[in-house]
Amino acid sequence: MPPPDYYRANLERIIHWVESHYGHLVDAPLLGFVTRLRRLPVHAQRLYVRLLMRRGPWFRVDRLAYPEVGPTAPAVLALCLAGLAELAGAHRTRERLALLRSDELADLLDGQAADGWIREARKNDRLAACEELEPTALASVPEALALLGAEQVLCLQLLFFANDRQDLVDFILADLGILRFEPVSVEPVLPWREASQVRRDLRCLDAADELSAFAAAAALPEWGALARLETALKSPATATRVEVRRNRALLRLARCWLEYGDERRALAVLAHASGAPAREAHCRLLASCGEMEAAERLQAQLMAAPDGDAEVQFAKRFEPDRGRCRPLGRTGPWRSRRLTLVRMDPTERIEQVVMHTLAQGGGQALHVENALIGLIVGLAFWDIVFAPLPGAFVHPFQSAPLDLFEAGFRSRRAEAIDARLCELANGSSGSKQLLDRWQARFGTVNALVPWHRFSAREVQRILEALPAPVLACLCKTALEHPPLLRRGFPDLILLGDAPGHFGFIEVKGPGDVLRPEQRRWLGAMANARLPVHVLEVRWA
DNA sequence: TAACTACATG
DNA sequence: TTCACACACTCCG
DNA sequence: GAGTGTGTGTCTCATGTAGTTAAA
Ligand SMILES: [Mn+2]
Ligand SMILES: [Mn+2]
C-alpha cells in the first residue's frame, strides 16, 4: 500500500508544476478550482483524487471506503459544499438506480411487479421496471455522488503533459517501475501564450474526440450537435498537434453535413481548415459543386503549402474539371513482381501468407512495416532524440520530444543528426552500437521503439543483415520527412544467411493501391540501389 | 457453477 | 482512444 | 486507379475481484 497521501500528492504535484511554470496560462476558473480544492480538508482532497481516477461519473456513496480518507460522510459533505462534487438527490433517481446491483434492483421490485418474470429478467429490464416505481418506493436507494470540475482537471492535465492522453496513472506506473522514462532535463515551455488559447485547444480536442466517437460507433450526430461541434472547431488551434487533429475532425464534420445533403454547410466547415486532409477535400468538393474558380484558387494555395508534402502532391495532380487527381500509375524507379497464391485461410493477413511462402523457399521474412524504421532510428539516434532542446521536454514522463514527428525536427538538430548519419555511413557506428543500445535501454519508453514487437534474436538478425551505410540511408530518408517514421515503410524484410543479404517487399493484394508514403519509401530505396520491390499477389 | 466482462488497484 | 493499414465498394477513363 | 467508408490490429500495465449472464 502506498503512503496515505500518495494519490493526493500526485495531483498536487501537477497543480504546483502548472502554477509555478505556467502561471500565465491559469485563468480564473482554473484558479478558482485549485483554490477550492486546496481549502478542502486533506481527507476530502484524497477522496476527490480517488474518484478522479475512477470511471464514474456517478458513484454510490454507501460503497465509498478508503483507509486514507477515513469517514466518508464528512469528506462527501465537504466536497459538495466546496462545489467540487454533487449528490444525485431526489431527482435523478435514474442515475442512482443505475448504480445498483441486479439483485438489489430485484429486491426493490419484490411484491410490486406481477409475479415471477423479474426473476428471469436481465439487469436492464429490471432497471427499466424500477424507473417506473413510485418515488416512495425508492427512498432506500443509495445516494450517488458525481465530481465537478472535470473541465479544470483536463486543463491541468493538458498543461502538465502537453497532451490529452496521459494522466495521473503515469505517475503511478512510473513509480512502480512499470514504465521507465528516459531521464531528461526538462524546460517547461509550452506553445500557448495565454489561457484563452489553451481553452480553445481544449474545446477542439473535446470536439475532435466526440466526432471520432461518433465515427467509431458508425453514428450520425444530430443537426444541433454538428452546429455545436462546428463552433468548437472553426478557429485555428495553437498547438501543432491539436491543429492536426482539428483538421481531421473538420473533414469528419464536413462528411456529416454531406450525409445530411447540405453541401453548403460542408463547404463552410472545410473553409476553416488549415491543412491536410481537410483542405484537399475542400478542393474536391468545391470542384464537384461547380465552383471552379474557388477550387483553382485553393489549389494554387495548396501548391505553396509550407507543409511541403501531402497537400503539395495533391495540388500538383489535381484536375479541377474532373474533380479528382490524375492517376500516378505505376510510375516509379522500383520493380514489381507478380505472384499467384491459393488462399487457405481467408482470415490470415496477406503479408503473413506471403511471409510463409517465402519461408518455404529457404529465406526468412519478417512482417515489419513501420515498426522497423522506428526501431532503427530510435536506437541509432537515441541520444539525439532525447537531447534537451528548448521546449522539447516539458515534464518527466515523455516518450519523445514534443516535435518528433514535426517537419522541423531535423533542422533543429541538423548538426547532431548529420554527424550521426556520417558515423553510420562510415561504419564507426553500426549494428554493434545499435544492439548495445537495445540491451542497455531495453524497455525504456520511446515513441519510436516497439520493444516487444521483435524478439532479441530477430533484432539481432535484422541489424546484422543491414550494412551500416544502408542503416544510414534509411535513417536519412525517414528524418528528412518525419511522417515516414510511422508511415509507408514496406511490409516485409527478407533476411539471407550471410550478413549484407536482405531485401524489402511491399505486398499488394488485388485492389490495394500504393499510398503516397509507400511510394516515397519505395522510391528512396530504389534510388539508393537497395533491393526492394512490390509484390502483386493474385488469388488463384 | 462457471465463463465472461468490467474495473479498481498499485 | 489513436493511428496506420487492408479491403470492399463506387465511379471513372 | 481515385475516392470513400469500414473493420482490424495495436506496446495502451498486469492482476485480482466483483458483477452479470447463461448454463448445469
Ligand atoms: Mn503494410
Ligand atoms: Mn502492403
Side-chain angles (χ1 to χ4, degrees), chain A residues 1-3 6-7 10 50-51 53-56 59 63-66 99-106 120-126 163-180 205 208-213 215-218 241 244-245 248 251-252 255 258-259 277 280-281 284-285 288 314 317-319 322-331 346-352 367 369-371 374-375 399 405 443-454 483-491 506-518 537:
Chain A
M1 260 226 308
Y6 176 71
Y7 296 105
N10 286 340
R50 278 290 198 166
L51 297 184
M53 302 187 67
R54 288 182 51 181
R55 194 134 205 294
F59 305 96
R63 302 290 289 268
L64 299 179
Y66 296 102
L99 296 176
L100 294 183
R101 271 182 284 119
S102 190
D103 57 307
E104 291 173 317
L105 292 171
E120 310 290 313
R122 294 192 304 206
K123 182 178 180 180
N124 280 344
D125 300 321
R126 290 174 174 174
N163 66 61
D164 64 331
R165 298 225 283 259
Q166 292 177 282
D167 55 27
L168 284 166
V169 171
D170 286 63
F171 283 83
I172 298 163
L173 297 183
D175 284 337
L176 290 173
I178 291 171
L179 292 181
R180 290 176 27 233
L205 289 172
D209 281 350
E210 197 173 331
L211 271 168
S212 31
R241 311 165 67 139
V244 168
R245 282 166 71 177
R248 277 197 278 258
L251 178 53
R252 280 213 175 103
R255 284 176 174 158
L258 289 178
E259 283 282 311
E280 299 96 304
R284 281 191 291 265
L285 188 56
S288 78
F314 170 89
R317 293 166 41 223
F318 185 69
E319 298 180 334
R322 280 204 314 138
R324 51 172 62 191
C325 285
R326 110 182 89 80
L328 273 168
R330 55 179 54 214
T331 56
T347 66
E348 193 177 22
R349 288 189 62 170
I350 190 171
E351 298 91 345
Q352 301 292 321
H367 187 189
E369 272 184 349
N370 302 306
L375 177 76
S399 63
F405 296 108
T444 301
V445 181
N446 183 324
L448 292 172
V449 184
W451 293 111
H452 300 286
R453 172 76 184 263
F454 308 113
L484 293 183
L485 284 167
R486 47 182 180 184
R487 280 208 287 266
F489 198 85
D491 293 314
E506 171 55 43
V507 181
K508 282 293 160 201
D512 187 10
V513 76
L514 285 172
R515 274 173 282 286
E517 287 81 3
Q518 293 177 326
V537 177

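In what follows, chains carry the letters A, B, and so on, assigned in the order in which the sequence lines appear, proteins first and then strands, with residues in each chain numbered from 1. Computed from heavy atoms alone, side chains included, the values below leave out hydrogens, waters and symmetry copies.
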Does [X] have a side-chain nitrogen or oxygen under 4.0 Å from the phosphate oxygens OP1 or OP2 of [N]?
| X | N | result |
| --- | --- | --- |
| K508(A) | dA6(C) | yes |
| Y7(A) | dT9(B) | no |
| R487(A) | dA4(C) | yes |
| Q352(A) | dT8(D) | no |
| R317(A) | dA2(D) | yes |
| R284(A) | dT4(D) | yes |

Separation of [X] atom [atom1] from [N] atom [atom2], in whole Å?
| X | N | atom1 | atom2 | answer |
| --- | --- | --- | --- | --- |
| N163(A) | dC3(C) | CG | C1' | 15 Å |
| F405(A) | dC3(C) | CZ | C1' | 11 Å |
| R252(A) | dC3(C) | CZ | C1' | 10 Å |
| N124(A) | dA22(D) | CG | P | 11 Å |
| L375(A) | dC11(D) | CG | C1' | 13 Å |
| R55(A) | dA6(B) | CZ | C1' | 8 Å |
| L51(A) | dT9(B) | CG | P | 9 Å |
| R165(A) | dT10(D) | CZ | C1' | 12 Å |

Tell me which nucleotide among [options] gets nearest to the side chain of [X].
| X | options | value |
| --- | --- | --- |
| R324(A) | dA2(D), dC13(D), dA6(C) | dA2(D) |
| D103(A) | dA6(C), dT20(D), dT9(B) | dT20(D) |
| I172(A) | dG10(B), dG1(D), dC5(C) | dG10(B) |
| R349(A) | dA2(D), dA6(C), dA4(C) | dA6(C) |
| V169(A) | dT4(D), dC13(D), dG1(D) | dC13(D) |
| S102(A) | dT21(D), dA6(C), dA4(C) | dT21(D) |
| R255(A) | dT2(C), dG5(D), dG1(D) | dG5(D) |
| R50(A) | dT9(B), dT4(D), dC3(C) | dT9(B) |
| L173(A) | dG3(D), dC13(D), dC11(D) | dC13(D) |
| R101(A) | dT4(D), dA2(D), dT20(D) | dT20(D) |

Within the structure provided, determine whether [X] and [Y] are in side-chain contact (heavy-atom separation under 4.5 Å).
| X | Y | answer |
| --- | --- | --- |
| L168(A) | I172(A) | no |
| M1(A) | Y6(A) | no |
| R487(A) | F405(A) | no |
| R245(A) | D209(A) | yes |

Step-by-step salt bridge (Lys or Arg N to Asp or Glu O under 4.0 Å) determination, E517(A) to R515(A)
CA-CA 6 Å; E517(A) 287 81 3; R515(A) 274 173 282 286; over 6 Å; no
For [X], answer base if it contacts any base atom (sugar-phosphate contacts may also be present), sugar-phosphate if it contacts only those atoms, and nothing otherwise; contact means non-hydrogen atoms under 4.0 Å.
| X | value |
| --- | --- |
| Y66(A) | sugar-phosphate |
| D209(A) | sugar-phosphate |
| P450(A) | base |
| V449(A) | base |
| R248(A) | sugar-phosphate |
| E369(A) | sugar-phosphate |
| R241(A) | nothing |
| Q518(A) | sugar-phosphate |

Nearest-angstrom distance, P atom, dC11(D) to dA3(B)
28 Å
How far, in whole Å, is dG19(D) from dA23(D) if one measures between their P atoms?
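About 23 Å, rounded to a whole number of Å.
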Please name the pair of heavy atoms, one in P277(A) and one in R248(A), separated by the smallest distance, quoted to 0.1 Å.
CD-CG, 3.8 Å
In terms of the nearest nucleotide of DNA chain C, which residue is placed more toward the 5' end: R322(A) or E506(A)?
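Nearer the 5' end of the strand: E506(A).
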Pairwise 5' ranking along DNA chain C for A208(A) and D491(A), keeping only the more 5' one
A208(A)
Quick one: look up who dG19(D) pairs with, Watson-Crick or G-U, both distances under 3.5 Å, and put none if it's unpaired.
dC4(B)
Do R54(A) and F59(A) form a cation-pi contact, if we require the NZ or CZ to be under 6.0 Å from the six-membered ring centre and within 45 degrees of the ring's axis?
no
Taking atom CZ as the centre, does R453(A) end up with more than 12 heavy-atom neighbours from other residues, nucleotides or ligands that are less than 6.0 angstrom away?
yes
